[in-house]
Amino acid sequence: MKLVYFSWIRERLDMSDEEISLPENVISLGDLTSWMNTRGDEFKAVFEHKNVVRIAIDQEHVDDMTLDITQAKEIAFFPPMTGG
Amino acid sequence: MKLVYFSWIRERLDMSDEEISLPENVISLGDLTSWMNTRGDEFKAVFEHKNVVRIAIDQEHVDDMTLDITQAKEIAFFPPMTGG
Amino acid sequence: MTVSPHVKINVKIQTDDFDLNIEIDKLKYHNKNIGAIVSFVGLCRDESDSLSALEIEHYPGMAERQIKNISSDAIHKFSLFGITAIHRFGKIKTGENIVLVIASAPHRQAAFDGANYVMDFLKTSAPFWKKEHFKDGVSGKWVDAKDADNTALDKWKH
Amino acid sequence: MTVSPHVKINVKIQTDDFDLNIEIDKLKYHNKNIGAIVSFVGLCRDESDSLSALEIEHYPGMAERQIKNISSDAIHKFSLFGITAIHRFGKIKTGENIVLVIASAPHRQAAFDGANYVMDFLKTSAPFWKKEHFKDGVSGKWVDAKDADNTALDKWKH
């Protein structure tokens with residue numbers, strides 16, 4: 001699975017994307033964000049702010065933490081958008 | 001005093017403007033429209049429709065029939081505007 | 001409310017067409033605080049292919065002055081940097097431009113409101129009259145004022 | 001509601017600037033039923049001369065698709081003929097254009113509403129992020145999302 005990062009989340013994690021294999025017990029979107037929070041200090045600094053991290057699964061904006069993500073190809077994490 | 005006419009009022013009266021001397025008893029805007037109504041069939045056909053004739057005194061839109069018009073230089077009569 | 005020294009009002013009543021890019025450049029000139037520019041262009045529709053042209057009559061002098069006043073109102077009401085308003089007169093064929101209003105402002109909603117406000121007044125309160133010429137050669141018909149336009153104007157009265 | 005065969009949606013995410021006249025001509029092409037065209041141009045303000053440039057990042061693919069969906073929504077919601085939406089990315093200097101939205105419609109209010117609706121979504125829901133670069137050389141700062149923009153979006157939810 002590909003994870004992609006934008007804006008200050010990309011800068012904080014010092015990478016724009018990565019390929020990962022999910023642990024077997026990560027099924028839902030909520031499982032994923034909880035697991036991300038355990039991946040080290042930089043990840044924790046991002047994912048402890050649950051209210052500012054926005055998520056897209058396969059380029060669709062989502063906010064339902066119970067969604068099954070095991071079939072997703074690409075999951076993106078980014079702060080609130082500031083376009084226009 | 002100059003009277004000017006626009007749109008179908010101009011066409012109906014068959015003139016775009018005219019110089020007139022007001023009768024002495026014409027003081028207010030209401031007096032003027034009543035007098036216009038007596039100037040023949042074509043004037044009557046226009047000025048009997050009081051609700052559709054709009055008026056500007058010296059290029060300012062007005063609707064107060066009690067206004068004193070004796071000092072006006074130019075009075076315009078036209079139907080509701082349809083610009084834009 | 002204070003008005004910026006950058007404030008610009010450009011009003012023209014003309015037979016010629018206008019160029020939107022050029023008019024926007026004039027409003028932008030020497031002002032880097034503009035964050036939003038909203039433009040409205042009104043065109044002559046062919047009304048299901050029945051219309052051949054519009055003929056637009058106006059009251060010279062009064063039209064310019066009134067549109068300048070309305071533009072100045074809009075600038076104060078919405079804290080705009082500028083308004084450009086150009087209204088054509090004479091014969092206008094289907095598909096051609098009739099009217100242009102541009103509002104520039106620091107922020108988005110002010111620019112939208114400013115352009116919309118000036119257009120509502122142009123539709124109902126500026127001394128212009130439209131006559132329709134039809135393709136079947138039937139002699140011209142003066143356009144009636146629309147209740148909807150007057151209702152649109154009422155929304156600013158609060 | 002039926003959608004006219006004339007309906008056009010043009011969405012581009014690009015580094016280059018855009019030309020408003022050219023984009024309007026594309027929307028008008030072969031359609032003489034358009035009575036109103038509203039354009040919004042968003043620019044990079046210099047914030048009292050402190051800003052030197054914005055850097056805009058976007059999510060390629062998702063940005064295009066989402067703006068196309070929003071444009072299609074707007075066309076159905078307001079019975080428009082077309083929407084053009086162009087958003088630039090990369091480094092944008094003060095005074096330069098950032099974003100363009102154009103809505104074409106038979107009538108005035110639909111065109112205003114259509115352009116305003118698409119802009120509200122671009123501000124809050126399209127995957128773009130802005131970073132400010134200041135003249136004093138202080139390293140860039142990511143722009144925070146504004147509550148006002150989210151409130152503006154809420155007005156369409158009824």
Notebook entry, point to check: Roughly how far apart are C:K130 NZ and B:S7 OG, rounded to 0.5 Å?
Noted result: 12.0 Å
Notebook entry, point to check: In this structure, are over 12 heavy atoms from other groups packed under 6.0 Å from B:D63 atom CG?
Noted result: no
Margin query: Restricting to non-hydrogen atoms, name the atom on B:M81 and the atom on C:W129 that form the minimum distance, rounded to 0.1 Å.
Written below: CA-NE1, 3.8 Å
Notebook entry, point to check: At a heavy-atom separation under 4.5 Å, does C:D120 approach chain B through its side chain, its backbone, both, or neither?
Noted result: neither
Check: Is it the backbone or the side chain of B:E60 that comes under 4.5 Å from a heavy atom of chain C, or both, or neither?
Finding: both
Next item on the list: For the residue pair B:F78 and C:Y59, categorise the inter-ring angle as parallel (less than 30°), tilted (30 to 60°) or perpendicular (more than 60°).
Entry: perpendicular
Notebook entry, point to check: Is it the case that more than 12 heavy atoms not belonging to B:Q71 sit under 6.0 Å from its CD atom?
Noted result: no
Notebook entry, point to check: Using non-hydrogen atoms only, which part of B:R10 is less than 4.5 Å away from chain C: side chain, backbone, both, or neither?
Noted result: side chain
Next item on the list: Counting only heavy atoms closer than 4.5 Å, note whether B:V4 contacts chain C via side chain, backbone, both or neither.
Entry: side chain
Next item on the list: Taking B:W8 for its side chain and C:W142 for its backbone only, find out whether a donor-acceptor pair lies under 3.5 Å.
Entry: no
Item checked: Within 6.0 Å of CD in B:E48, more than 12 heavy atoms from elsewhere -> yes
Note to self: Tell me which of these, C:K123, C:E55, C:H58, has more heavy-atom pairs under 4.5 Å with chain B than the rest.
What the structure shows: C:K123
Next item on the list: Find the one option among C:H87, C:R65, C:M119 whose heavy-atom pairs under 4.5 Å with chain B are most numerous.
Entry: C:R65
Checklist line | Backbone of C:D144 reached by a side-chain donor or acceptor of B:T82 within 3.5 Å | finding: no
Next item on the list: Enumerate by number any residue of residues 92-101 of chain C whose heavy atoms lie under 4.5 Å from heavy atoms of chain B; in the absence of such residues, state 'none'.
Entry: C:I98, C:V99
